[in-house]
Number of protein chains: 2
Amino acid sequence: MATTLRDIARLAKVSVATVSYVLNGVAKVSPQTRERVLAAMNQLNYYPNAIAKSLVKQRSHVLTLFLQDITNPFFPAVAKAVEDVAVRAGYSVILYNTGDQEEKEAAYVQMALEQRVAGIIFCTVRNRAAVQSALDQGTPVVIIEWPGNIPGTDVVQVDNVLGARLGTEHLIQLGHRRVALINWVLGSVIAGDRLKGYKQALAAAKIPFDPALLATYDFNDPDRDAVILKLLALPDPPTAVLAVSDAIAIATMRTLHRHHRRVPRDLSIVGYDDTLAALSTPQLTSVAQPIYQLGTTAAQLLLDQDRKRHPRRVTLEPTLVVRDSTAERRQLRRQ
Amino acid sequence: MATTLRDIARLAKVSVATVSYVLNGVAKVSPQTRERVLAAMNQLNYYPNAIAKSLVKQRSHVLTLFLQDITNPFFPAVAKAVEDVAVRAGYSVILYNTGDQEEKEAAYVQMALEQRVAGIIFCTVRNRAAVQSALDQGTPVVIIEWPGNIPGTDVVQVDNVLGARLGTEHLIQLGHRRVALINWVLGSVIAGDRLKGYKQALAAAKIPFDPALLATYDFNDPDRDAVILKLLALPDPPTAVLAVSDAIAIATMRTLHRHHRRVPRDLSIVGYDDTLAALSTPQLTSVAQPIYQLGTTAAQLLLDQDRKRHPRRVTLEPTLVVRDSTAERRQLRRQ
DNA sequence: TTGTACGCGTTATCAA
DNA sequence: TTGATAACGCGTACAA
């Protein structure tokens, strides 16, 4: 059996209250008793029982991080960041992979609430009701990258319009006028914002927007490479591509390779996220998201919530990392 | 305030004990009272308090996973696997990144023990004392990939001798006789086992072992590429390379590329782990580790420990995944 | 089948 | 500066 405050009290010939005082430094304790208590704790190899503490405080020293899938290269850095901040404040972090499934989200929120966790960070959510049930139960919530508004939650996000604009502008500055955008299936706010940034860059350079240069990539589609071939088959094909993730960019490069287009000689490519960018050959130019900072900010907001009660929204800025997958547009032929 | 058993008991006009019974299905409760209680629970939007439950049971429904760095592509799959098994059994998973630092390991073990976690999985450990303190406190421990013996712990590992042998044999079968091994700094049991497997494959093919073909790669060394150039500068240079991780293989490929060696035309390369292998160009042939299975097995062992009390050791087998980075040895010149 | 009462290890509120 | 003691929410002998 683990030793308890009572055991120490007995050994040190004081009351449990006194032991608790020296443990938490909350009340004045005379140096002599303090010493006696510390000695007893040492002798009995005492570990405080966080559970009992939590029962009194009605909150455990545990944060919860919800994400879609830790196996997706975007998330590990978030998890690391949250843990770094949490641990420094004496909190542990529980991780839940929701797989973007509403039922799992609901079930895991339920588990988290039963544990009386000190707060929840959603890095990805679909189930608004689940979020709401956490708020109803009084658990602080921070949401990462969810542009929808849920009153009572803090939000941390990255400026997606700016990111897409940066990537597109870079290509335009290299002389490209036919820039394709390979996006996710439209519908999400993020995909919409990326498109918006892309259009802004075109407009600023007075390049007309051509819907034919818009493609939609879906990893679940067995015929997913068709959209890329379709771009290549255009009468006036793109000389550059902005992909909305490094994974898509790499998949695109592979398809291009198979069809004897060379990067960046024949086509320039910009990725997004800067997670896999350094691994590919050639190394990808990519729009870097401040992923780690996303996590630390979220954790800080969460741990702060008691003090400042108003919902807050923090927007971080992406940056462009130039590597080897982008180059000046080749002049094809003199006219 | 959250609603408690007492609130429900009051509303349903029964005792708290009865409410507890229907909650856990432990004693016979008449259908009528059962219904009344469930209705009351529903009406009051009751969340069981896992903390109070844990205090009684002296164990929380939380597992702990220690790993070096979730940002390293080996670990996310382990984390996912552990979580999948844990959640199915009603457990949550706390994650700690130790960064391979003994002090952090000790501090996090302390935190875990204070939380009275139901068990700890170490996927990476340096600090034997920390492990021991967990065992002393009666917390079940499973260790992944640690060949050292700590009595009282279960161990899950992958056969590293076999893995290195598979990779080397593949290259030998392709006609290569000069196969380099790019290993970590020697000293760890894993590095030793990989070397052993490499030697076994050479011996089986009656190829003499040449220490000049052994290299040590260290990502922290600013001059880390020198070891590769040294291999290339040998009088009789290797035509194939086995690297002990995909990351090293990719770094090697990049260096080769810079020095105008083409893969697999001039050199064949085999990676290890099969984590990044599919991302590179050309895609890497790699020794695949059953990473996910490593995690599920560890979690199952942990959740089982109460029943079977004897320490167990499970060894899983790696497999070879052939892709585009290996090819038959070119006949350089007819003699 | 149901109720009473105690214990789990702390913190916190009083008194002393 | 210390000590008794009542919570905290739940499980569970034991009694009814």
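Each chain gets a letter, A, B and so on, in the order its sequence line appears, and its residues count up from 1.
For the residue pair A/Y292/A/D84, the side-chain donor-acceptor check at 3.5 Å is satisfied. Between A/Q132 and A/D136, the side chains place a donor N or O and an acceptor N or O closer than 3.5 Å (distance only, hydrogens not considered). If you check the side chains of B/T315 and B/Q157, you find a donor sitting under 3.5 Å from an acceptor. With hydrogens and angles left out, the side-chain atoms of B/Y96 and A/S92 include a donor and acceptor closer than 3.5 Å.
For B/S20, no side-chain nitrogen or oxygen approaches OP1 or OP2 of D/dC10 to under 4.0 Å. OP1 or OP2 of C/dG9 sits under 4.0 Å from a side-chain N or O of B/Q58. Distances shorter than 4.0 Å separate none of the side-chain N or O atoms of B/T33 from OP1 or OP2 on C/dT1. Listed pair B/T18 / C/dT2 fails the phosphate criterion, with no side-chain N or O lying under 4.0 Å from OP1 or OP2.
One atom, CZ of A/R6, and another, P of D/dA6, lie 13 Å apart when rounded to the nearest Å. At whole-Å resolution of the value, CD in A/Q115 and P in D/dC8 are 21 Å apart. For A/Y47 and C/dT10, the OH to P distance is 14 Å, given to the nearest whole Å. In this structure, the NZ atom of B/K13 is 12 Å from the P atom of C/dG3, given to the nearest Å. Atom CG of B/L5 and atom C1' of D/dA7 are 16 Å apart (whole Å). A/R59 places its CZ atom 12 Å from the P atom of D/dG9, with the value rounded to the nearest Å. Per the geometry, CG belonging to A/L23 stands 15 Å off P belonging to C/dG9, to the nearest Å. Rounded to whole angstrom, the span from the CZ atom of A/R116 across to the C1' atom of D/dC10 amounts to 11 Å.
Of the two residues contacting DNA chain C, namely A/T4 and A/A17, the nearest-nucleotide position lying further toward the 5' end is that of A/T4.
Panel note: side chain B/N72, backbone B/F74; a donor-acceptor pair is recorded below 3.5 Å. One N or O on the side chain of B/N127 and one on the backbone of B/A129 form a donor-acceptor pair closer than 3.5 Å. Proximity of a side-chain donor or acceptor of B/R312 to a complementary backbone N or O of B/V155 within less than 3.5 Å is not detected.
Below 30°, between 30° and 60°, or above 60°: for A/F66 and A/F122 the angle between ring planes is between 30° and 60°, a tilted geometry.
For the helix from C/dT1-D/dA16 to C/dA16-D/dT1, the angle separating the two terminal helix axes comes to 40°, with each axis derived from five pairs and the value rounded to 10°.
Of the inter-residue distances, the one linking A/S133 atom OG with A/Q110 atom CD reads 7.5 Å to the nearest 0.5 angstrom.
Contacts between residues 50-57 of chain A and DNA chain D, counted as heavy-atom distances below 4.0 Å, involve A/L55, A/V56.
Residues B/K80 and A/D69 are paired through a salt bridge, judged by an N-O separation under 4.0 Å between the basic side chain and the carboxylate.
Comparing D/dC8, C/dG9, D/dG3 by their nearest atom to the side chain of A/N49 picks out C/dG9.
Counting distance only, with no hydrogens placed and no angle test, the side-chain atoms of A/Y46 and the base atoms of C/dG9 include no donor-acceptor pair under 3.5 Å. Taking 3.5 Å as the limit, the base of D/dG11 and the side chain of B/Y21 contain no donor-acceptor pair of atoms between them.
Among the atoms of the strands shown, only primed sugar atoms or phosphate atoms (P, OP1, OP2) are found under 4.0 Å from some heavy atom of A/S30.
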